[in-house]
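On a predicted model such as this, the values are computed, not experimentally measured, just so you know.
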Amino acid sequence: MFQRESFSGGLLRILFQAGLVVLSLGMKGFDYDMHDLPGKIAQVKSSAGRLSFLRLLIFVGIGIFGVLTISQSVIWALPLIAAIIIFISSIQKYNHKKDQEAIYNALILIDKQAGQRKDRELVGIDQGKEFQDKNHPFANDLDLFGEHSLFQLVNHTVSKGARKKLADLMKSSFDQKEAKKHQEASEELAANPGLLKAIESCGIAFFSEEKASSHWRELLTSEKRFPYIFLYYLF
């Protein structure tokens, strides 16, 4: 059973576990490639539209086969069962397309913000103003929070809890051992940019503060947990 650990002590272990989950997402056919995202979104929307129309036709067919099964012969139960199976499959495929669309939109946002950070045009990026503390010994001098701050450059979280963790880490006193842990974690993550992009895009696409607490904890401890739940512990 997962337990909430300190940001520093459990970071590497959690991220490696998350990496395995992201690989499982990739096996399910999700695409995290940044190439031609607008074109991919248009293609996914078109496919989802066709699946939606097909689902409607199948639903009508289920009604027809159901009536025939009841009024004429049980032999019509065979195409009825087949239609139900195809209907369920079409729903799964439609949901998958919509999830992929959400991931593509998240990747567009990530790419946009990456360009803003590179050009130091940080308007619209979270400033973390609520973490400003006039009495802090160095936060104001180093511009950790606010306009054109370090927080805007390094913050890739998507939840309130993760934002607070990051802010607390930035304001914490320097410890050589802890700094070494963070350095090792950063080096490990820097070698896996695709993993980072997949984690962040899934967080943006699927994480919800309203559904994050008890529901996600229940899923996390379930053997049938949905892959996206790992984001609760990362974001």
Side-chain angles (χ1 to χ4, degrees), residues 11-55 88-126 151-159 162-163 166 182 184-209 211-212 216 219-220 224-235:
L11 180 61
L12 283 175
R13 188 189 313 169
I14 294 172
L15 282 172
F16 276 123
Q17 291 166 347
L20 296 177
V21 178
V22 171
L23 288 177
S24 72
L25 285 175
M27 292 176 63
K28 292 178 179 294
F30 288 106
D31 175 26
Y32 301 97
D33 183 32
M34 303 287 288
H35 177 69
D36 190 24
L37 290 175
K40 289 180 179 179
I41 290 175
Q43 185 177 7
V44 166
K45 284 184 175 180
S46 177
S47 297
R50 290 194 296 270
L51 283 170
S52 182
F53 181 69
L54 175 63
R55 185 175 57 185
I88 294 173
S89 177
S90 68
I91 292 176
Q92 293 174 333
K93 290 180 179 179
Y94 176 83
N95 290 338
H96 185 275
K97 295 291 184 183
K98 298 305 291 184
D99 287 346
Q100 182 65 79
E101 182 185 347
I103 289 174
Y104 285 151
N105 284 321
L107 289 171
I108 288 177
L109 177 61
I110 291 170
D111 186 56
K112 175 185 176 182
Q113 292 184 343
Q116 287 181 272
R117 291 184 173 105
K118 182 179 179 181
D119 299 333
R120 296 297 188 269
E121 297 177 357
L122 305 178
V123 177
I125 296 180
D126 183 13
F151 187 81
Q152 290 181 292
L153 295 176
V154 302
N155 176 34
H156 290 265
T157 63
V158 298
S159 76
R163 290 174 71 252
L166 176 60
H182 294 310
E184 292 173 353
S186 297
E187 291 175 351
E188 192 73 39
L189 294 172
N192 295 276
L195 170 64
L196 292 176
K197 192 175 295 180
I199 291 174
E200 186 176 2
S201 62
C202 284
I204 294 171
F206 305 117
F207 183 85
S208 170
E209 292 285 354
K211 301 177 182 179
W216 281 41
L219 287 174
L220 187 64
K224 298 180 180 180
R225 57 185 178 269
F226 193 65
Y228 305 136
I229 51 143
F230 78 94
L231 295 166
Y232 174 76
Y233 286 90
L234 293 175
F235 302 98

Distance check, rounded to the nearest 0.5 Å: [X] atom [atom1] versus [Y] atom [atom2]?
X: L109; Y: L37; atom1: CG; atom2: CG; answer: 11.5 Å
X: L107; Y: K40; atom1: CG; atom2: NZ; answer: 8.5 Å
X: E200; Y: I110; atom1: CD; atom2: CD1; answer: 4.0 Å
X: D126; Y: H156; atom1: CG; atom2: NE2; answer: 11.5 Å
X: R55; Y: S52; atom1: CZ; atom2: OG; answer: 4.5 Å
X: D99; Y: F206; atom1: CG; atom2: CZ; answer: 4.0 Å

Least distance between heavy atoms, [X] atom then [Y] atom:
X: F151; Y: R163; value: CE1-O, 4.2 Å
X: A106; Y: S201; value: CB-O, 3.4 Å
X: V44; Y: K97; value: CG1-O, 3.0 Å
X: A190; Y: P193; value: O-CD, 3.7 Å
X: Q116; Y: V123; value: NE2-O, 2.9 Å

Task: Chi angles and distances behind the side-chain contact (heavy atoms from CB on, under 4.5 Å) call for R120, L153 - done: CA-CA 9 Å; R120 296 297 188 269; L153 295 176; 4.0 Å; yes
- [ ] Only counting residues at least two apart or in another chain, list the ones meeting side chain to side chain donor-acceptor pair (under 3.5 Å) with R50.
- [x] S46, S47
Task: Result of checking I199, I103, V158 against I204 for side-chain contact (heavy atoms from CB on, under 4.5 Å) - done: V158
Task: Contact list for residues 100-112, test side-chain hydrogen bond (donor to acceptor under 3.5 Å, both in side chains), sequence neighbours left out - done: D31-Y104, K98-E101
